[in-house]
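Have a look at the structure below before the remarks.
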Amino acid sequence: QVQLVESGGGLVQAGGSLRLSCAASGRTFSGATMGWFRQAPGKEREFAAAISRSGGSTSYAGSVKGRFTISRDDAKNTVYLQMNGLKPEDTAVYYCAAVWWGSPGSQTSDWQYWGQGTQVTVSS
């Protein structure tokens, strides 16, 4: 059974940084495309970033591009989201996602497994 466990959320001032981690278990991590989504209060869950199985390809939502960096460490079965230059509008619950088949896009239905989420709050 696949489990994804996020950590690293918290409260930070605007302009600050946080690094989220997602530890995966239950299946061969290196075979998974990994992603991060976020959901603000009253809004739908939206795509933030994704990284390919090899780690050689990444993609970002326009709203985070240039500020967020996704990376993976297959030896630790962990994917990271480094978030710099945080803004109040980045406040959301951040979810880790994984899929072991196909080439997922930005739709939540493309992704197979989800973590429980970690809260990120950015104060102005």
Side-chain angles (χ1 to χ4, degrees):
Q1 183 176 355
V2 173
Q3 285 192 321
L4 303 175
V5 180
E6 302 97 333
S7 61
L11 174 64
V12 63
Q13 289 189 336
S17 298
L18 282 175
R19 188 177 80 155
L20 305 183
S21 300
C22 171
S25 62
R27 199 162 174 177
T28 304
F29 181 75
S30 60
T33 299
M34 301 298 296
W36 287 96
F37 284 70
R38 65 186 186 180
Q39 188 167 16
K43 295 188 176 181
E44 293 188 350
R45 193 172 298 188
E46 65 175 12
F47 172 79
I51 187 166
S52 64
R53 294 171 182 82
S54 69
S57 177
T58 57
S59 60
Y60 298 93
S63 58
V64 308
K65 195 169 187 178
R67 300 186 297 123
F68 290 11
T69 302
I70 188 171
S71 61
R72 64 189 296 158
D73 185 340
D74 287 359
K76 295 182 178 179
N77 291 350
T78 300
V79 63
Y80 304 97
L81 186 67
Q82 178 67 44
M83 306 186 294
N84 299 329
L86 284 162
K87 305 175 182 180
E89 51 262 45
D90 294 318
T91 294
V93 177
Y94 283 72
Y95 296 91
C96 177
V99 63
W100 269 264
W101 51 265
S103 300
S106 61
Q107 301 301 311
T108 56
S109 58
D110 293 339
W111 297 81
Q112 197 173 5
Y113 297 98
W114 296 88
Q116 82 289 349
T118 186
Q119 177 70 47
V120 172
T121 303
V122 185
S123 63
S124 57

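The CD atom of Q39 sits 12.0 Å away from atom OH of Y94, with the distance rounded to the nearest 0.5 Å. Interatomic distance, OG1 of T118 versus CG of L81, reported as 11.0 Å (0.5 Å rounding). Atom CZ of R19 sits about 11.5 Å away from atom CG of N84, to the nearest 0.5 Å.
Between Y60 and I70, the closest side-chain pair of non-hydrogen atoms falls below 4.5 Å. Between D90 and M83, every side-chain heavy-atom pair lies at or beyond the 4.5 Å cut-off. Residues Q112 and V2 form no side-chain contact, since every pair of their non-hydrogen atoms from C-beta on lies 4.5 Å or further apart. In this structure the side chain of V120 reaches within 4.5 angstrom of the side chain of L18, judged on heavy atoms. By the 4.5 Å heavy-atom criterion applied to side chains, L86 and F68 are counted as neighbours. E6 places a side-chain heavy atom less than 4.5 Å from the side chain of W36. Looking at heavy atoms from C-beta onward, D73 lies in side-chain contact with Y80 at the 4.5 angstrom threshold. Side-chain contact check for S30 versus R53: every heavy-atom pair is 4.5 Å or farther apart.
Judged by the 6.0 Å and 45° rule, R72 forms a cation-pi pair with F29.
Pairs of residues two or more places apart, or lying in two chains, that qualify as disulfide bond (SG atoms under 2.5 Å apart) and include a residue from residues 5-72 are C22-C96.
Both V79 and W100 belong to a single network of hydrophobic side chains, linked directly or stepwise wherever heavy atoms of I, L, V, M, F, W or Y lie under 4.5 Å apart.
Between the T78 side chain and the K76 main chain, a donor and an acceptor come within less than 3.5 Å of each other. Counting only distance, with no hydrogens or angles, the side chain of T91 and the backbone of T121 share no donor-acceptor pair below 3.5 Å.
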Exercise. Start with the C-alpha gap between K87 and R67, add the side-chain angles, then the distance that decides, and say whether side-chain contact (heavy atoms from CB on, under 4.5 Å) holds.
Key: CA-CA 10 Å; K87 305 175 182 180; R67 300 186 297 123; 3.8 Å; yes
Practice problem: Decide yes or no on side-chain hydrogen bond (donor to acceptor under 3.5 Å, both in side chains) for S63 and R38, but give the supporting numbers first. | Solution: CA-CA 12 Å; S63 58; R38 65 186 186 180; 3.3 Å; yes
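Here the shortest heavy-atom pairing between G105 and F47 reads O-CD1, 4.4 Å. The two atoms that bring A40 and A92 nearest to each other are N-CB, 3.8 Å, heavy atoms only. The two residues M34 and A98 make their nearest non-hydrogen contact at SD-CB, 3.5 Å. Closest approach of S124 and A14 over heavy atoms only: CA-CB, 4.4 Å. Counting all heavy atoms, side chain and backbone alike, L4 lies closest to A24 at CD2-CB, 3.6 Å. Taking both residues in full, the closest heavy atoms of I51 and T33 are given as O-CG2, 3.3 Å, listed atom of the first, atom of the second, then distance.
Classified by interplanar angle (parallel below 30°, tilted 30° to 60°, perpendicular above 60°), the ring pair Y95/W114 is perpendicular.
In this structure, F37 has its ring center under 6.0 Å from that of W111.
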